There are 2 protein chains.
Amino acid sequence: MKELTKAEEEIMQYLWEMEQVFVKDIIARMPSPKPAYTTVSTIIRILEKKGFVGHKAYGKTHEYYPLISKKEYTRNFMKRFMNNYFSNSFKEMVSFFAKEDKLSVSDLDELMKEVRKEIEEGSHDG
Amino acid sequence: MKELTKAEEEIMQYLWEMEQVFVKDIIARMPSPKPAYTTVSTIIRILEKKGFVGHKAYGKTHEYYPLISKKEYTRNFMKRFMNNYFSNSFKEMVSFFAKEDKLSVSDLDELMKEVRKEIEEGSHDG
DNA sequence: TTTTATCTACTAAATATTTAGTTTCTAACA
DNA sequence: TGTTAGAAACTAAATATTTAGTAGATAAAA
């Protein structure tokens, strides 16, 4: 999977959030100062070339949608990151953030109860 | 804190790992094809300008060392990332990776036992 | 059918990043 | 003291990324 640059990722976030969009929809949601229409359009075309985005044509206009889910991208990205920053150890990562957020042991237990539930629920669809 | 580019981060990883280094030490550790001496040297100078690296001068030669720890950088980087990819929720992140690595509930319990221990140990130095 | 609006595709300029050659300085040594 | 080796600093070329203008196409409106 190709990497995304900053600008590409920013646009991709809108795609993931909105699922089906026209260029103008994205621009509408962007904060000022808004970029030129063609800027966004160009970035989307790059995303298409990289295989992240597809489109349906409605006459001359394209409606764009993600081909790679946020989950898939996150997975790949985090693999690299985990490797570099937590020596590939899930434990280290959790531990880092728990300390970071100054979670107490009981905070963590509470959190883990919820995570456990999610794992159990999710276990049939992977 | 400034962001690091890819090339800068790569060199920074050596600094973090080796703590105190001369340029040639870094190059010695780098895999082939090795970059030119001046390439590494230039990147380090950029890192100094960005405040990530300092140096002690031994005559004409500089021994470089990190000014910003891997932990500090990770913290900042992950804040942004968490925000974009896990809506700032620690729970979501743990859950994501637990599912990702196909951890069972008992795997998770085992892991959390260790994390809990670390938190308890670490609580006096933050 | 002609005009208008608006969209994508094409193109290119501006900017940022990466890579490395050249110069200059200094220390070590003859 | 002069010469040499090796390092940082300076400079610049190559490459990648970002931004946006212009042209050409098409649908909708007149």
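Everything quoted here is computed from the prediction, not taken from an experiment. The sequence lines fix the lettering, A, B, ..., with proteins before strands; numbering per chain opens at 1. All heavy atoms count here, side chains included; hydrogens, waters and symmetry mates do not.
- Counting any heavy atom pair closer than 4.0 Å across all strands shown, Tyr64(A) reaches sugar-phosphate atoms only and no base atom.
- Two rings, from Phe22(B) and Tyr64(B), have their centers 6.0 Å or more apart.
- Ring orientation note: the planes of Trp16(B) and Tyr85(A) are nearly perpendicular, at an angle over 60° on the 30°/60° scale.
- Around NZ of Lys34(A), the count of heavy atoms belonging to other residues, nucleotides or ligands within 6.0 Å exceeds 12.
- Taking the six-membered ring where the residue is Trp, Phe86(B) and Phe97(B) present tilted rings, their angle falling between 30° and 60°.
- Residue-to-nucleotide proximity on DNA chain D shows that, of Glu8(A) and Lys60(A), the 5′-proximal contact is made by Glu8(A).
- Thr61(A) comes within contact range of the sugar-phosphate backbone alone, with a heavy-atom separation under 4.0 Å but no base atom that close.
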* List the steps, then state whether salt bridge (Lys or Arg N to Asp or Glu O under 4.0 Å) holds for Lys70(B) with Glu17(B). => CA-CA 9 Å; Lys70(B) 190 166 177 170; Glu17(B) 190 188 327; over 6 Å; no
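- Using a 4.0 Å heavy-atom cutoff across all strands shown, Thr39(A) reaches at least one base atom of the nucleic acid.
- Checking Lys50(B) against Ala36(B), the closest nucleotide of DNA chain C that is more toward the 5' end is the one next to Lys50(B).
- Once you apply a 4.0 Å limit to the heavy atoms of chain B, the touched nucleotides of DNA chain D run 5' to 3' over dG6(D) to dC10(D).
- The closest side-chain heavy-atom distance from Glu9(A) to Asn84(B) is below 4.5 Å.
- Non-hydrogen atoms lying under 4.0 Å from DNA chain D are contributed by nothing in residues 11-27 of chain A.
- Remark: C1' of dT8(C) and OH of Tyr58(A) are 17 Å apart, rounded to the nearest angstrom.
- For the 3.5 Å distance criterion, the side chains of His55(A) and Glu63(A) fail to qualify, holding no donor opposite an acceptor.
- Between the NZ atom of Lys49(A) and the C1' atom of dT11(C) there is a distance of 12 Å, rounded to whole Å.
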Under the criterion salt bridge (Lys or Arg N to Asp or Glu O under 4.0 Å), I'd like the reasoning laid out for Glu3(A) against Lys6(B): C-alpha separation, chi angles, the key distance, then a yes or no. CA-CA 12 Å; Glu3(A) 295 241 354; Lys6(B) 255 197 184 42; 3.2 Å; yes
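- Side chains of Ser104(A) and Asp107(A): a donor-acceptor N/O pair is present below 3.5 angstrom, by distance only.
- Per the geometry, CD1 belonging to Ile44(B) stands 15 Å off C1' belonging to dA20(C), to the nearest Å.
- Comparing Arg45(A) and Gly59(A), the nucleotide of DNA chain D nearest to each residue sits closer to the 5' end for Arg45(A).
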